[in-house]
Engineer: 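Quick one: the structure is below, and I'll ask about it shortly.
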Amino acid sequence: MSQFEGFEERPAACAVCETMLPEAVDGLLSEGEQSAFDKHVAGCRECARELAEAKRGAAWLSMLKSQSPEPPAGLLARILAETTGGIQPDAVAAPAASLPAWQPQPHPFVTAPQRGFAGQWAALRKQCSDLLLTESARIIFQPRFAMTAAMAFFSIALTLNLTGVRLRDLRASNFTPSALRRTAANVDASATRMFQNNRAVYQVESRLSELHNDDASNDAPSSGHR
Amino acid sequence: MPPEVPQTRPQLQGDRTAATAEQKTLADLAARCLAGDAQAWEHLARTQHRRIYGICYRFTGSQSDAEDLAQEAFLKMYRNLASFDPEKGNFTTWLTTLTRNLLVDHYRRSRLERASDSLDEGYDGDDDGPTRAERLTDDSKTQEQHVSGLELRAQIQEALKQVSPDLREAVILRDLEDMDYKEIAEILGVPQGTVKSRISRGRGELARLLKRLEGQVM
């Protein structure tokens, strides 16, 4: 350390004296220590000079201490305004983010169990609505997410349309178990009907083709025998 | 002859008891603040802002810097009050450490500016200009001005500002804030031996800076 520079060139007694110097100035040495210190200083010019300087410095500081600096009139008000948003109207209020963590804040997961299920449900619903109103809403309404959602909606609507469900005609009653069963049966019947119809069409087509082929084969030999 | 030499300061039992009670009160106030008591915070700020401003002013020597730093210290304290642990140390030491860290940061920030200022002074080429100590005791001032308490204290403050920062903080805490070596060691984060050495050297440096003024006062 820089404060111990030069100790090598001085006697060990001077190093001890220097260690005791602030306590000697402050009057904190015991009687024995004080007499040993005085004895050394009396015979050591360098230590005597250091003691005299330290005493003078302490005296100047005690003079300075006699009047403590007066803070500006508005300092306390500004401190309070900056921290708790206190009493100074013209002071700049601290932003919400700078408020301390120890500021009392009701925590939903701590307070909710005390209010029973109704309280929990209300808190949950509030959280969900808050979520939709703030961050999530901001994400959802970004153009790329909105376009994806629209495409998904159209493809679902198209699929439902093909299966015979008309979104425009949907009612709450359509979602009762019996209505859902009926819809499923209708879709099934429709699919079966389509399959049966297609089978009939294919059978007719196949029969026509066979007849056509038969005609062609009967014509060929007869023309050969002619 | 130097000015009046300070009296010895024996630690009386009564003083110690009063100091302990004061620290207990401060710790209680801090706990109430943490519980959300705004009045406790106001009381804490009201009782501490003068001392914190004083430390900042004595260290920087500038009213505006001291004001900004004191405000910053209280904002930092407000945000970090939860980190105060009464079992690890008293409230005054905790708050002083926090303030001292801000002062060190401020000193480091402004060091570059000061370095460029001193370079400019060098380029001005005023080699025959007054020394630091001479500037403190301008001969054009009358004896009456020097002797007046206000002027004298301004001169001492000006000299204190020129003491090396590590020595300056040690003497401010010891001689102006009446802290003991152990508390200062805790605040500065150095051993007690280093604290004692810095106090002695700081006092010595101040005395040398004010040597000329001494002759005029006496």
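Here is how names work: the chains are called A, B, and so on, in the same order as the sequence lines, proteins then strands, and each is numbered from 1.
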Engineer: Please answer whether the main-chain N or O of B/D166 pairs with a side-chain N or O of B/S164 as donor and acceptor at a distance below 3.5 Å.
Structural biologist: no
Engineer: Top residue by heavy-atom pair count (under 4.5 Å) with chain A, among B/R58, B/R51, B/E72?
Structural biologist: B/R58
Engineer: Using heavy-atom distances under 4.5 Å, tell me whether B/L160 contacts chain A through its side chain, its backbone, both, or neither.
Structural biologist: side chain
Engineer: More than 12 heavy atoms of other residues, nucleotides or ligands under 6.0 Å from CD of A/Q196: yes or no?
Structural biologist: yes
Engineer: Tell me whether B/R168 contacts the main-chain N or O of B/K161 through its side chain, where contact means a donor paired with an acceptor under 3.5 Å.
Structural biologist: yes
Engineer: Indicate yes or no for a side-chain donor-acceptor contact from A/E33 to the backbone of A/S30 under 3.5 Å, with no hydrogens or angles considered.
Structural biologist: yes
Engineer: Where does B/Y57 contact chain A at under 4.5 Å (heavy atoms): side chain, backbone, both or neither?
Structural biologist: side chain
Engineer: Please rank B/L206, B/V171, B/I52 by heavy-atom pairs under 4.5 Å with chain A and give me the top one.
Structural biologist: B/L206
